[in-house]
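We name chains A, B, ... by the order of the sequence lines, and we start the count at 1 in each one. The figures that follow rest on heavy atoms only: side chains count, while hydrogens, waters and symmetry mates do not.
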Amino acid sequence: MPELPEVVVTLRGVSPHVIGKQVVSVDVRESRLRWPVPADLSSLLSGQTLLDGRQRGKYLLFRFPTGHLMIHLGMSGNLRIVRDETPVGKHDHVDIIFGDGTVLRYTDPRRFGTIQWLVGAPEQHPLLSSLGPEPFEEAFTGEYLYQASRGRKVPIKQFLMDNKVVVGVGNIYANETLFQCGICPTLAAGNVSRSRFDALAIEVRRVLASAIEQGGTTLRDFVGGDGKPGYFKQQLYVYGRGGETCLRCGSVLMEIRQGQRSTVFCPVCQQ
DNA sequence: CCCAAGACCTGGCGGC
DNA sequence: TGCCGCCAGGTCTTGG
């Protein structure tokens with residue numbers, strides 16, 4: 001599933017094809033996503049012009065004159081551009097059809113994603129109101145992480161994946177950034193030093209930016225808005241490599257479970 | 001408030 | 001080839 005880089009790649013891929021265009025209809029073939037897709041989505045959107053698209057954490061926000069279409073891709077979702085005659089696959093749940101025959105198609109086998117219609121300021125929506133800073137925002141600094149972590153006993157890896165702390169860092173990139181910084185993922189967040197948080201903030205930005213440049217990470221089904229997979233997988237140092245050797249020191253990488261997610265780290269490089 | 005675990009889904013893979 | 005258990009990019013909800 002998409003973490004922040006995949007969401008950004010998706011947004012950049014689809015935007016040029018749909019912004020400024022008018023919706024003629026919406027086809028909802030399966031409304032049972034994480035929450036039901038609004039039954040009247042077609043009548044809400046039809047006739048409206050898509051003004052712009054942006055991203056908040058892993059949420060995509062498409063602005064229309066009367067509100068925002070908010071889309072989350074869950075674990076297995078993707079959004080891409082097809083034509084109105086493109087054959088429909090089993091998990092192609094929603095089509096947003098524009099006047100020139102362009103279709104923004106939402107696909108999601110596991111249906112953990114969501115599509116909602118927001119009226120008013122998106123930041124005030126319950127799903128967005130308590131999100132932490134964007135990793136590329138100025139507010140995201142080592143000092144911020146240090147302050148936010150005081151007194152916290154959660155392992156640093158889970159702290160980094162907490163959307164109230166910072167948005168966009170999921171399981172792949174949490175594993176990768178901690179490796180790059182040489183920080184053991186099981187350390188209590190509250191015990192991590194200020195200088196290590198400085199390095200971590202820098203590394204989170206660097207890893208995410210690099211993944212975006214590579215078109216994201218494709219494990220099996222992620223494709224960007226242009227239908228192409230991402231190539232960051234070739235640059236993963238630890239994720240998916242438990243039991244293999246560390247690319248830095250040659251030790252055997254350990255794999256453990258933290259919060260029901262797999263963590264892979266080098267017991268020598270990360271302490 | 002903090003933290004851990006359960007819940008929601010489908011599909012791919014390894015093992016037998 | 002078939003079935004079974006386990007695993008997967010997220011995050012809300014519940015319970016202690």
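- When rounded to the nearest whole Å, the span between CG of A/Asn175 and P of C/dA8 equals 10 Å.
- The CG atom of A/Leu51 sits 12.5 Å away from the CZ atom of A/Phe62 when rounded to the nearest 0.5 Å.
- Atom CD1 of A/Ile172 is separated from atom P of C/dA8 by 11 Å (rounded to the nearest Å).
- Residue A/Leu4 contributes atom CG, which lies 10 Å from atom P of C/dT11 at whole-angstrom precision.
- Using a 4.0 Å heavy-atom distance criterion, A/Phe159 is classed as making no nucleic acid contact.
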Might you list the N or O atoms of the protein lying below 3.5 Å from N or O atoms in nucleotides 1-4 of chain B, with each pair's distance?
{"unit_1": "B/dC3", "atom_1": "OP1", "unit_2": "A/Lys153", "atom_2": "N", "d": "2.4"}
{"unit_1": "B/dC3", "atom_1": "OP1", "unit_2": "A/Val154", "atom_2": "N", "d": "3.1"}
{"unit_1": "B/dC3", "atom_1": "OP2", "unit_2": "A/Arg152", "atom_2": "NE", "d": "2.3"}
{"unit_1": "B/dC3", "atom_1": "OP2", "unit_2": "A/Arg152", "atom_2": "NH2", "d": "2.7"}

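- Counting non-hydrogen atoms of neighbouring residues, nucleotides and ligands closer than 6.0 angstrom, the CZ atom of A/Arg32 reaches no more than 12 such neighbours.
- A salt bridge is absent between A/Glu3 and A/Lys58; no separation between the charged side-chain nitrogens and carboxylate oxygens falls under 4.0 Å.
- Summarising the local packing, CD of A/Glu85 is surrounded by more than 12 heavy atoms from other residues, nucleotides or ligands at distances under 6.0 Å.
- No engagement by A/Tyr173 is indicated, since no non-hydrogen atom pair under 4.0 Å with the nucleic acid exists.
- For the side-chain contact (heavy atoms from CB on, under 4.5 Å) test with A/Arg196, the passing option among A/Leu145, A/Ile156, A/Leu187 is A/Leu187; the others fail.
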Base, backbone or nothing for each nucleotide of nucleotides 7-15 of chain B, written B, S, -, heavy atoms under 4.0 angstrom, 5' to 3'?
-> -BBBS----

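- Straight-line distance from the CD atom of A/Glu3 to the P atom of C/dA8: 13 Å, rounded to whole Å.
- Between the side chains of A/Lys153 and A/Asn191, no donor-acceptor pair is found at a separation under 3.5 Å.
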Do A/Tyr239 and A/Phe232 pass the ring-ring contact (aromatic ring centres under 6.0 Å, His included) test, and can you show the C-alpha distance, the side-chain angles, and the key distance before you say yes or no?
-> CA-CA 11 Å; A/Tyr239 182 84; A/Phe232 192 74; over 10 Å; no

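- Summarising the geometry, atom OH belonging to A/Tyr59 is positioned 7.5 Å from atom CG belonging to A/Asn163; distances are rounded to the nearest 0.5 Å.
- Note: NE2 (A/His125) to C1' (C/dC12) measures 13 Å, nearest angstrom.
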Given salt bridge (Lys or Arg N to Asp or Glu O under 4.0 Å), test A/Asp100 with A/Lys21 step by step and report yes or no.
-> CA-CA 8 Å; A/Asp100 64 349; A/Lys21 291 183 183 174; 2.7 Å; yes

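- Residues A/Leu131 and A/Thr218 each lie close to DNA chain C; by heavy-atom proximity, the contact nearer the 5' end of the strand is made by A/Thr218.
- To the nearest angstrom, C1' of C/dC12 lies 14 Å from CE of A/Met161.
- A/Asn163 comes within 4.0 angstrom of the backbone, heavy atoms only, and of no base.
- Of the side-chain N and O atoms in A/Ser76, none sit less than 4.0 angstrom from OP1 or OP2 of C/dG10.
- Straight-line distance between the P atoms of B/dC9 and C/dC3: roughly 24 Å, to the nearest whole Å.
- Counting only Watson-Crick and G-U wobble pairs whose two distances sit under 3.5 Å, DNA chain C takes part in these stems of three or more pairs: B:2-8 with C:10-16, B:10-16 with C:2-8.
- Between A/Val238 and A/Leu247, the closest side-chain pair of non-hydrogen atoms is not below 4.5 Å.
- Judged by the 6.0 Å distance and 45° axis criteria, A/Arg248 is positioned over the aromatic ring of A/Tyr237.
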